[in-house]
Amino acid sequence: MNPTELITLREFITVVPLCVLFFVSLIPLLIKPFLGGREPNPISVLVWNFLAILAAAGCTGALFGHSYQKTFAFSNAIVLDGTSVWMSYLVYIVTAVGIMLAYDHVATRGRQFTEFCFLMVSSACGMLVLIMSNDLIVTFIGIETMSLCLYILVAMSREQVLSKEAAFKYFVLGSFASAIFLYGIALVYGTVGSTYLPDVATQGVKLISTNRVFLVGAILLITGFAFKVSIFPFHTWTPDVYQGASTPVTAFMSTAVKAASFVAFLRFFTSEAFVAAPHLLTVMTWLAVLTMTVGNVAAILQNNFKRMLAYSSVAHSGYALVGLITAGFGTNYNAAATSLLFYLFSYSLMTLGTFALVAVFERSENTSLEINDLRGVGRKYPWLAMSMTVLMLSLAGIPPTLGFFGKFFVFSSAIEQDMYWLAFWGMINSVVSVYYYLRPIVVMYMSEGEAETLQIGLMTRGTVIVTGLLIVILGILSSPFFRMVQNSVMNQF
Amino acid sequence: MLSSADFLFYFLGLVSLVFGLGVVLFRNPIYSALCLVITMISVAGIFGTLDAWFIAGVQLIVYAGAVTVLFVMVLMLFDLKHEMKTFSKGVIGNGVKLAASGVLLGMLGTYIWATYATEPTFKPLPAAATSSIKATKDLATSLFTTYIFSFEVIGILLLVIAVGAVTLSRITGGTHHAD
């Protein structure tokens, strides 16, 4: 190889959105020292970061929007295909909304809003790396960039011992998970001789049944991913961290982070290597069943709204894991992967809206919202209550909302692959979850009381209503939307 | 019969194990940090016996040198007597810790042992690792060509850490009122 030809312009173009996002988000951080360390006007920070996200999204759209041709770059370390393009849009949307929520929220709009926004956008950069990654090393670096920003974001909420505790818990457990993941990479590299994912896939088919070191490496990698997407029994950090973090950060964490980690998980897991390991299928199936059940049962017991949503997000990881297992062990990769991506989209949209609503009704930055605090919302804020109802029904998976179609596609692809057991438990769990999703609705409309809102800006309220509307509209238009995602995934092979 | 290189390998392995245990078992953090230094040095020695001279050097300079100094500096900032009291004690707690680490160790140990005993399928290292200068040059070349993307992203990672550290240290208000 001639070193001068190693990075071509074509290769560089694949990471242009990433570079644009990162460098433009640096601008407000660089402005701050010129103001003598004073915090610049929050609106200008907001505008710069929006500009960064919009420019990056524009680059993605202009450069890759027209064709989803699979492109490799940087010695095949990253891959650009329909999946990464679609998921980068999701990351842009969630980051933009996350910054809007942070602008409105008392806990985050402090003297360090510039740094807050920079860390959030950098975390998004890590996610973009993660979803384009085609090599275990790059995956690891993506995960670390994403997570390190999050540890700091969680700790940055000015108040509460709770948020410091959450940050520390998340940091210790997250580093532990990273160490496990890294050890998995070492074992896989030791047996395969490469960290390049297609190599792992082709050699793994033989190795997984003959070489136990490879198997242990794969299990450690799966464990690392399971920590990040909070799959039972690695979910225990989720409620504490989601409760302790300030609500905009929670909204960001529970959506974009989970979606990006799931995409990396999908890329690792859908190698044909794992089809040859029936035991692994059994274990993964039980993990999915237990994740759904534990999440839903624990959510029923919660009175704190944020904790309830945290457990509900654990349960949703279980549903997404159903899609992942179908994609990894099934024969029809396209259908299963499409349904998983569609599910991640719908889940992110719903959860974003719900956490925006939590931000609206938090009395102060130091108390977290109990479900009973929602009493009387139905009368006082009819529009918010209406959106909230839609969001809750969608999370529960009731037609014609987007959440129903998300679950429908995941479970139907599981049934097509004869994985009846998974689909069966998924449906049982959906029924169970209706109980706790209906509770806030009942409290909102049926109980007398005076709900109070924080002094919260228009953008957060807007987010609640827009996501509510989008869920209904996209729910009704779900089949063209599904086909769009499918077309982009199809070109993968 | 053990050759001298083999003997050195196993001896250093033993040293790193013993002092690694010391890191965990000592109650005084300064002793733990000192044990860590010796563990790092012996690991560097192990890399040396395996002809990975560059990694051995990096291990010695970065870990045994810089990182440990940082550890000791941070330890000096804390009130050690106060910190030591917060260690969890008790039979059940220790039992759980032992059991958890034992299960992990047993699982990894048996799998590696079983696989290695039946078919040693670890890939042989590239032949270039023999000469230290050439190995270093090869490492540099692949770092700046094959792995250039990861290398650059680590730049973002480091910037994030720097910004984060400054941000966290400048937080005022809330829990930071009381010292």
Side-chain angles (χ1 to χ4, degrees), chain A residues 1 3 6-7 11 15 18 22 26 29 73-75 77-78 110-112 115-116 118-119 122-123 125-126 129 135 137-138 140-142 144-145 148-149 151-153 155-161 163-164 167 183 187 189-194 207 210-216 219-220 365-366, chain B residues 55 86 97 100-101 103-126 137-138 140-178:
Chain A
M1 263 192 291
L6 270 165
I7 302 167
E11 279 185 314
V15 290
L18 182 66
F22 179 69
L26 273 176
L29 205 65
F74 299 106
S75 317
I78 64 169
R111 266 182 286 176
Q112 291 178 311
E115 285 89 344
F116 185 92
F118 170 73
L119 289 171
S122 299
S123 185
C125 290
V129 173
D135 185 304
I137 302 265
V138 178
F140 178 73
I141 292 172
E144 282 308 286
T145 313
L148 274 164
C149 296
Y151 303 143
I152 301 162
L153 284 177
M156 263 178 78
S157 167
R158 283 184 300 135
E159 306 304 321
Q160 285 197 11
V161 185
S163 92
K164 303 292 177 291
Y183 196 37
L187 291 183
Y189 180 70
T191 46
V192 175
S194 162
L207 287 173
T210 55
N211 193 320
R212 284 182 176 173
V213 175
F214 178 79
L215 185 63
V216 173
I219 289 172
L220 291 180
E365 51 194 304
N366 279 331
Chain B
I55 305 286
T86 57
K97 284 174 207 162
S101 47
V103 166
L104 193 64
L105 187 71
M107 189 183 86
L108 292 173
T110 35
Y111 274 162
I112 292 174
W113 184 260
T115 311
Y116 197 68
T118 50
E119 46 158 353
T121 44
F122 286 98
K123 298 277 162 180
L125 284 169
K137 200 180 163 202
D138 285 350
T141 312
S142 59
L143 196 61
F144 287 102
T145 56
T146 319
Y147 297 106
I148 182 74
F149 183 67
S150 325
F151 189 74
E152 295 296 337
V153 177
I154 285 179
I156 298 185
L157 189 69
L158 290 177
L159 181 69
V160 162
I161 294 168
V163 170
V166 172
T167 310
L168 285 185
S169 65
R170 283 175 54 121
I171 289 181
T172 48
T175 47
H176 291 259
H177 277 312

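Side-chain atoms are counted along with the backbone in the values below, which use heavy atoms only and exclude waters and symmetry mates. Order of the sequence lines fixes the chain letters, A, B, ..., with proteins taken first and strands second; residue numbering starts at 1 for each chain.
- Contact of the A:Val129 side chain with the B:Ile156 side chain is not registered, since no non-hydrogen atoms from C-beta on lie closer than 4.5 Å.
- For B:Thr110, the side-chain hydrogen bond (donor to acceptor under 3.5 Å, both in side chains) criterion is met by no residue, not counting sequence neighbours.
- Between A:Val138 and B:Ser150, the shortest heavy-atom distance links the atoms CG2-OG, 3.5 Å.
- If you take OH on B:Tyr147 and CG on A:Asp135, they are separated by 6.5 Å, rounding to the nearest 0.5 Å.
- Residues passing the side-chain contact (heavy atoms from CB on, under 4.5 Å) test with A:Ile219 are A:Leu215, A:Thr223, A:Leu280, sequence neighbours excluded.
- Using a 4.5 Å cut-off between heavy atoms, A:Phe116 makes no contact with chain B at all.
- Of the atoms belonging to A:Leu153, not a single heavy atom falls under 4.5 Å from chain B.
- Note on B:Leu158, B:Ile154, B:Leu104: by heavy-atom pairs under 4.5 Å with chain A, the leading option is B:Ile154.
- Here the side chains of B:Ile161 and A:Leu148 are in contact, with some heavy-atom distance below 4.5 Å.
- Summarising the geometry, atom OH belonging to A:Tyr151 is positioned 13.5 Å from atom CG belonging to B:Leu168; distances are rounded to the nearest 0.5 Å.
- No donor-acceptor pair under 3.5 Å is formed between the side chain of A:Glu144 and the backbone N or O of B:Leu157.
- Rounding to the nearest 0.5 Å gives a distance of 13.0 Å between CD1 of A:Ile137 and CZ of B:Phe149.
- Counting heavy atoms from C-beta on, the side chains of A:Phe118 and B:Leu159 come closer than 4.5 Å.
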